[in-house]
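Everything numeric here is computed off the predicted structure, so don't read it as measured data. Positions are given from 1 along the sequence.
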Amino acid sequence: MATKLNIVFLVVIAVTALLQCSVAQTTFQVGDALGWTIPSSVSTYSTWAANKNFIVGDILVFNFTTSQHTVAKVSKADYDACNPNNPISIQTNGPATVTLNETGAQYYICTVSTHCSFGQKLAINVSAATSSAPPPSTSPAATPTPAPALAPAPTPSRGPATYIVGDTLGWSVFSNASVAYQNWASNKTFFVGDILVFNFANRTHNVAEVTKQNYNSCNTTNPLSLNANPPVRVTLTKAGEHFFTCTVSGHCSAGQKLAINVTGSTTATPPSSATPPSSTTAPPSPSTTATPPSTTTNPSVPSPTGGVTPPPPPPPPTSSAASLRVTGLCATFLSIVLVFLN
């Protein structure tokens with residue numbers, strides 16, 4: 001019996017250690033589909049990083065063509081000044097992978113020519129890894145009482161996403177443009193609050209939002225809105241279908257048009273409170289109401305020439321994977337205990 005108790009004690013220690021170390025690693029594609037390149041706006045990469053939570057152990061992947069760009073980790077002073085002469089580390093072969101192995105502000109630039117001054121620079125803030133397991137309770141055991149039924153936790157919302165229309169193709173006229181824009185939008189889910197960015201050279205194109213009828217017929221005489229100053233940023237403010245074209249002669253019929261479908265807001269709706277079952281020996285416990293997630297405010301965008309402070313990390317999101325991992329470990333632990341006590 002003593003041997004079985006010793007084994008159970010060792011299993012408890014092992015499970016506790018696993019719970020303390022159960023932190024998921026995340027891989028981030030810098031710039032997403034845009035990759036690591038000279039962006040159309042100096043705020044592109046700061047906007048990309050603004051709603052992300054970086055922790056020690058995460059991985060950054062910089063996608064670029066070898067010999068066209070580099071990835072250099074630099075000091076804050078060299079980041080602000082776009083000084084490529086004293087890099088902390090540098091990678092010249094794409095794609096480049098960087099594992100975040102320390103906390104605090106970290107700065108990356110491209111050392112090729114004037115790429116940094118055009119916005120090819122990234123500042124992030126890295127937080128320490130946190131355990132997904134709750135601390136053990138030191139409270140004495142109490143007499144069991146009827147527990148209230150808990151309402152399910154609300155699904156955490158994601159922040160507004162920014163989409164570069166056409167990715168590296170931008171907003172233009174080219175072969176099979178209509179198919180290209182249709183394919184670009186087909187695998188994306190657009191929500192109210194998301195932002196579309198149309199990149200094009202000044203005085204070459206424009207962006208008009210039109211009705212479905214005018215979209216189908218390429219009638220650009222009565223647009224709902226029109227913007228000709230690039231890059232054009234369109235915030236999606238309502239759900240439903242949205243249609244965009246270029247009103248420059250012949251461009252819409254040549255395929256420079258985009259149709260998307262926008263769903264409702266990503267903010268989770270808190271569930272209603274659950275009522276516990278009645279008891280004949282004790283009054284019913286009060287209901288438990290789930291608290292809706294708080295809204296995270298995006299930090300300010302760094303300037304390519306002035307002092308830049310990387311965005312503070314938002315609160316870590318609730319991880320369903322971590323919860324499943326904890327549940328599985330606890331079930332394994334109970335199974336082992338039952339085997340040794342039988």
For the pair W36 and Y45, name the ring-plane relationship: parallel under 30°, tilted 30 to 60°, perpendicular over 60°.
tilted

Compare all side-chain heavy atoms of N199 with those of I164 and state whether any distance is below 4.5 angstrom. yes

- prompt: Would you find a donor on one side and an acceptor on the other, under 3.5 Å apart, between the side chain of D80 and the backbone of A77?
  reply: no

Scanning both residues in full, the closest heavy-atom pair of A49 with A123 reads CB-O, 4.3 Å

Check your understanding: Is there a donor-acceptor contact under 3.5 Å from the side chain of Q25 to the main chain of G57?
Key -> yes

Check for a donor-acceptor pair, side chain of T99 on one end and backbone N or O of N101 on the other, with a separation under 3.5 Å. no

Checking T220, T247, T245 against N206 for side chain to side chain donor-acceptor pair (under 3.5 Å), the one that qualifies is T247

### Task
Apply the test side chain to side chain contact (heavy atoms under 4.5 Å, CB included) to residues F28 and K52: give CA-CA distance (whole Å), side-chain angles for both, the deciding distance (0.1 Å), then the verdict.
CA-CA 9 Å; F28 296 95; K52 293 175 174 59; 3.9 Å; yes

| said: Show, in sequence, the C-alpha distance, side-chain angles and deciding distance for V56 and L100, and conclude whether the side chain to side chain contact (heavy atoms under 4.5 Å, CB included) test is met. | reply: CA-CA 5 Å; V56 170; L100 304 177; 5.8 Å; no

For V61 and P95 the tightest heavy-atom approach is CG1-CB, 4.3 Å

Checklist line | Q68 backbone acceptor or donor facing T65 side chain under 3.5 Å | finding: no

* Describe, in one word, how the ring planes of F190 and W184 are oriented to each other, choosing from parallel (under 30°), tilted (30 to 60°) and perpendicular (over 60°). => tilted

Are any non-hydrogen side-chain atoms of H115 and I109 less than 4.5 angstrom apart? no

Okay, side chain of K212, backbone of F243: is any donor-acceptor separation there less than 3.5 Å?
no

Would K188 and Y163 count as a cation-pi pair here, with the cationic atom under 6.0 angstrom from the ring centre and within 45° of the axis? no

NE2 of H69 to CZ of F64, rounded to nearest 0.5 Å, is 8.0 Å

Note to self: Under a plain distance cut-off of 3.5 Å, with no hydrogens placed, do Q213 and Y215 share a side-chain donor-acceptor pair?
What the structure shows: no

Sorted by chain and residue number, the ring-ring contact (aromatic ring centres under 6.0 Å, His included) partners of H242 (sequence neighbours excluded) come out as none

Applying side-chain hydrogen bond (donor to acceptor under 3.5 Å, both in side chains) to T70 and not counting sequence neighbours gives T111

Output for pair (T27 OG1, D58 CG), nearest 0.5 Å, gives 7.5 Å

So SG of C246 and CD of Q256: to nearest 0.5 Å the spacing works out to 4.0 Å

Residue pair D78, Y107: steps toward the side chain to side chain contact (heavy atoms under 4.5 Å, CB included) verdict
CA-CA 9 Å; D78 288 343; Y107 305 90; over 6 Å; no

Worksheet entry | Distance-only polar pair, side chains of N63 and Q29, donor-acceptor under 3.5 Å | yes

NZ of K121 to OG of S46, rounded to nearest 0.5 Å, is 10.0 Å

Apply side chain to side chain donor-acceptor pair (under 3.5 Å) to T221 and N219, showing your working.
CA-CA 6 Å; T221 56; N219 179 2; 2.7 Å; yes

- Query: Are the gamma sulfurs of C116 and C82 separated by less than 2.5 Å?
  - Reply: yes

T37 and Q120 have their tightest heavy-atom pair at O-CG, 3.3 Å

Exercise for review: Over 60° means perpendicular and under 30° means parallel, so classify the ring planes of F244 and F198, tilted if in between.
Suggested key: tilted

Here the gap from S89 atom OG to Y108 atom OH, rounded to the nearest 0.5 Å, amounts to 7.0 Å

Here the pair of heavy atoms bringing T204 nearest to V248 is O-CG2, 3.9 Å

*Taking everything shown except Q182 itself, do over 12 heavy atoms lie less than 6.0 Å from its CD?*
no

* Does the side chain of F62 reach to within under 4.5 Å of the side chain of T97, using non-hydrogen atoms? -> no

Between P87 and V74, the two heavy atoms sitting closest are CA-CG1, 4.1 Å

For V165 and V234, run side chain to side chain contact (heavy atoms under 4.5 Å, CB included): C-alpha distance rounded to whole Å, both residues' side-chain angles, the deciding distance at 0.1 Å, then the answer. CA-CA 11 Å; V165 174; V234 176; over 6 Å; no

Practice problem: Find out whether N53 and S127 are in side-chain contact, i.e. whether some heavy atom of one side chain is under 4.5 Å from a heavy atom of the other. | Solution: yes

Taken in chain and number order and not counting sequence neighbours, the residues that satisfy side chain to side chain contact (heavy atoms under 4.5 Å, CB included) with T237 are T235

query = Quick one: are E102 and V126 in side-chain contact, heavy atoms under 4.5 Å?
reply = no

Under 3.5 Å, sequence neighbours excluded: what are the donor-acceptor pairs made by side chains of residues 222-230?
residue, atom, partner, partner atom, Å
N227, OD1, N229, N, 3.0

task: Check the hydrophobic clustering (I, L, V, M, F, W, Y; side-chain heavy atoms under 4.5 Å; chains of links allowed) and say if V210 and L258 are grouped together.
output: no

Hits for side-chain hydrogen bond (donor to acceptor under 3.5 Å, both in side chains) against D32, two or more places apart or cross-chain, chain-then-number order -> W48

Exercise. Hey, is the main chain of A161 close enough, under 3.5 Å, to the side chain of D194 for a donor-acceptor pair?
Worked result: yes

Does T66 use its side chain to pair, donor to acceptor, with the backbone of G94 at less than 3.5 Å?
yes

Main-chain N/O of A33 paired to D167 side chain as donor or acceptor, under 3.5 Å = no

Looking only at heavy atoms, the pair that brings T168 and L34 closest together is CG2-O, 4.1 Å

Sorted by chain and number, sequence neighbours left out, ring-ring contact (aromatic ring centres under 6.0 Å, His included) with Y181 holds for W171, F174

Is K257 salt-bridged to E209, going by a charged N under 4.0 Å from an acidic O? no

| query | Counting distance only, does the side-chain N/O of T211 pair as donor-acceptor with the main-chain N or O of N214 below 3.5 Å? | reply | yes

d(Y79 OH, K73 NZ) to nearest 0.5 Å is 14.0 Å

